[in-house]
Amino acid sequence: MNSDWEDRVAAAWARFDDHAEEDAPAFRAVIDALVAELPGDSPLGPFEQACAWDSTGHSDKAVPLYRRALDGGLEEESRYKARRARIQLASSLRNTGRAEEGVRLLTPELDAPSDELDDAVRACLALCLSSLGRDREGLSLVLGALAPHLPRYRRSMAAYARLLVEPAGE
């Protein structure tokens with residue numbers, strides 16, 4: 001899609017917090033109007049609609065839209081948005097009681113090319129793991145993501161993160 005459309009979508013999201021909770025349908029209508037400008041087979045449409053449903057508290061409605069976007073070629077359109085879709089889909093799956101699906105979806109992202117979403121992958125995966133009672137694994141991911149941001153103790157926090165999941169003596 002062209003940069004004007006992307007700019008207008010970004011502007012709509014920049015105003016998201018200006019909408020009161022009861023104005024959620026009005027916000028989704030703004031996104032729907034922008035999506036209506038796209039070709040019917042564009043994966044950007046269901047992605048933006050999924051984000052709008054998700055951000056207004058309807059993970060159940062977001063899940064099929066994220067899947068449609070990913071299945072429709074969102075990766076080819078934007079690797080970054082596809083990664084966002086996987087993160088947000090995993091979160092929505094967790095919110096709808098399907099945390100195991102979220103773990104399966106995000107685990108490969110740990111080995112994906114690094115970008116600014118790495119910490120979000122780990123945070124969301126940690127939440128999915130925690131929902132499954134796998135708190136040590138989740139804490140390990142969160143500490144590992146946090147360690148590089150610390151002004152001190154980076155090495156020790158990274159080591160502690162590994163020790164949470166590695167058997168003693170390895």
Side-chain angles (χ1 to χ4, degrees), residues 1-132 134 137-138 141-142 145-146 149:
M1 186 38 52
N2 66 43
S3 63
D4 174 63
W5 185 86
E6 290 283 352
D7 290 346
R8 289 184 291 130
V9 169
W13 281 104
R15 293 187 306 274
F16 174 74
D17 288 333
D18 296 342
H19 291 268
E21 210 169 295
E22 59 272 7
D23 291 339
F27 176 75
R28 289 192 304 268
V30 168
I31 297 300
D32 287 344
L34 288 163
V35 167
E37 297 176 25
L38 296 170
D41 62 348
S42 173
L44 294 173
F47 170 71
E48 292 297 342
Q49 289 172 317
C51 294
W53 280 109
D54 212 0
S55 296
T56 58
H58 295 278
S59 294
D60 58 323
K61 295 185 186 295
V63 166
L65 290 165
Y66 285 131
R67 287 191 168 138
R68 193 168 120 211
L70 289 165
D71 292 345
L74 187 59
E75 186 80 34
E76 290 77 34
E77 189 77 33
S78 168
R79 181 190 171 287
Y80 180 80
K81 286 187 180 186
R83 195 166 199 217
R84 280 185 51 209
R86 285 188 287 275
I87 293 165
Q88 292 164 204
L89 173 56
S91 177
S92 292
L93 288 166
R94 184 186 76 83
N95 289 339
T96 57
R98 296 177 283 177
E100 187 63 47
E101 288 179 62
V103 169
R104 284 193 304 270
L105 184 66
L106 284 184
T107 298
E109 289 297 317
L110 294 174
D111 297 322
S114 183
D115 63 19
E116 67 188 54
L117 296 173
D118 289 352
D119 293 343
V121 166
R122 285 164 177 74
C124 187
L125 182 52
L127 286 169
C128 288
L129 289 166
S130 180
S131 292
L132 296 170
R134 295 164 60 184
E137 289 173 76
L141 283 170
V142 171
L146 176 63
H149 302 283

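Fair warning: this is a prediction, and the values are worked out from it, not measured in the lab.
Smallest separation of non-hydrogen atoms from Asp119 and Ala145: OD1-CB, 3.6 Å. Of all non-hydrogen atoms in Pro113 and Arg79, the two that sit nearest each other are O-NH2, 2.9 Å. Nearest heavy-atom pair, Asp118 versus Arg83, reported as atom, atom and distance to 0.1 Å: OD1-NH1, 2.7 Å. The two residues Arg84 and Cys51 make their nearest non-hydrogen contact at NH2-SG, 3.9 Å. Residues Leu93 and Gly102 share a closest heavy-atom pair of CD1-N, 3.9 Å. Here the shortest heavy-atom pairing between Phe27 and Ala52 reads CE2-CB, 4.0 Å.
The 12-atom threshold is not exceeded at CD of Glu21, counting heavy atoms of other residues, nucleotides or ligands nearer than 6.0 Å.
Residues Arg86 and Val121 have side chains not in contact (no heavy-atom distance under 4.5 Å, counting atoms from C-beta outward). Leu106 has its side chain out of reach of Val103: every pair of non-hydrogen atoms, C-beta onward, lies at least 4.5 Å apart. Counting heavy atoms from C-beta outward, Arg8 and Val30 have side chains that stay 4.5 Å or more apart. Taking the side chain as every heavy atom from C-beta outward, Leu44 and Val9 never approach each other to under 4.5 Å. By the 4.5 Å heavy-atom criterion applied to side chains, Val142 and Arg122 are not counted as neighbours.
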Residues Leu132, Arg94; criterion side-chain contact (heavy atoms from CB on, under 4.5 Å); working and verdict: CA-CA 9 Å; Leu132 296 170; Arg94 184 186 76 83; over 6 Å; no

Step-by-step side-chain contact (heavy atoms from CB on, under 4.5 Å) determination, Glu48 to Leu38: CA-CA 11 Å; Glu48 292 297 342; Leu38 296 170; over 6 Å; no

Steps toward side-chain contact (heavy atoms from CB on, under 4.5 Å) verdict (Glu109, Leu117): CA-CA 10 Å; Glu109 289 297 317; Leu117 296 173; over 6 Å; no

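Atom OG of Ser92 sits about 13.0 Å away from atom NZ of Lys61, to the nearest 0.5 Å. Of the inter-residue distances, the one linking Glu6 atom CD with Leu34 atom CG reads 10.0 Å to the nearest 0.5 angstrom. Note that NE2 of His58 is 12.5 Å distant from CG of Leu65, once rounded to the nearest 0.5 Å. The CG atom of Leu70 sits 8.0 Å away from the CD atom of Glu75 when rounded to the nearest 0.5 Å. Summarising the geometry, atom CD belonging to Glu37 is positioned 8.0 Å from atom CG belonging to Asp4; distances are rounded to the nearest 0.5 Å. Interatomic distance, CG of Asp54 versus CG of Asn95, reported as 7.0 Å (0.5 Å rounding).
By the 30° and 60° cut-offs, the orientation of the rings of Phe47 relative to Tyr66 is tilted.
Looking at Asn2, its side chain does come within 3.5 Å of a backbone N or O of Trp5 through a donor-acceptor pair.
Residues satisfying the side-chain hydrogen bond (donor to acceptor under 3.5 Å, both in side chains) test with Ser91, not counting sequence neighbours, are none.
Between Arg98 and Asp60, none of the side-chain N atoms (NZ, or NE/NH1/NH2) sits under 4.0 Å from a carboxylate O, so this pair counts as no salt bridge.
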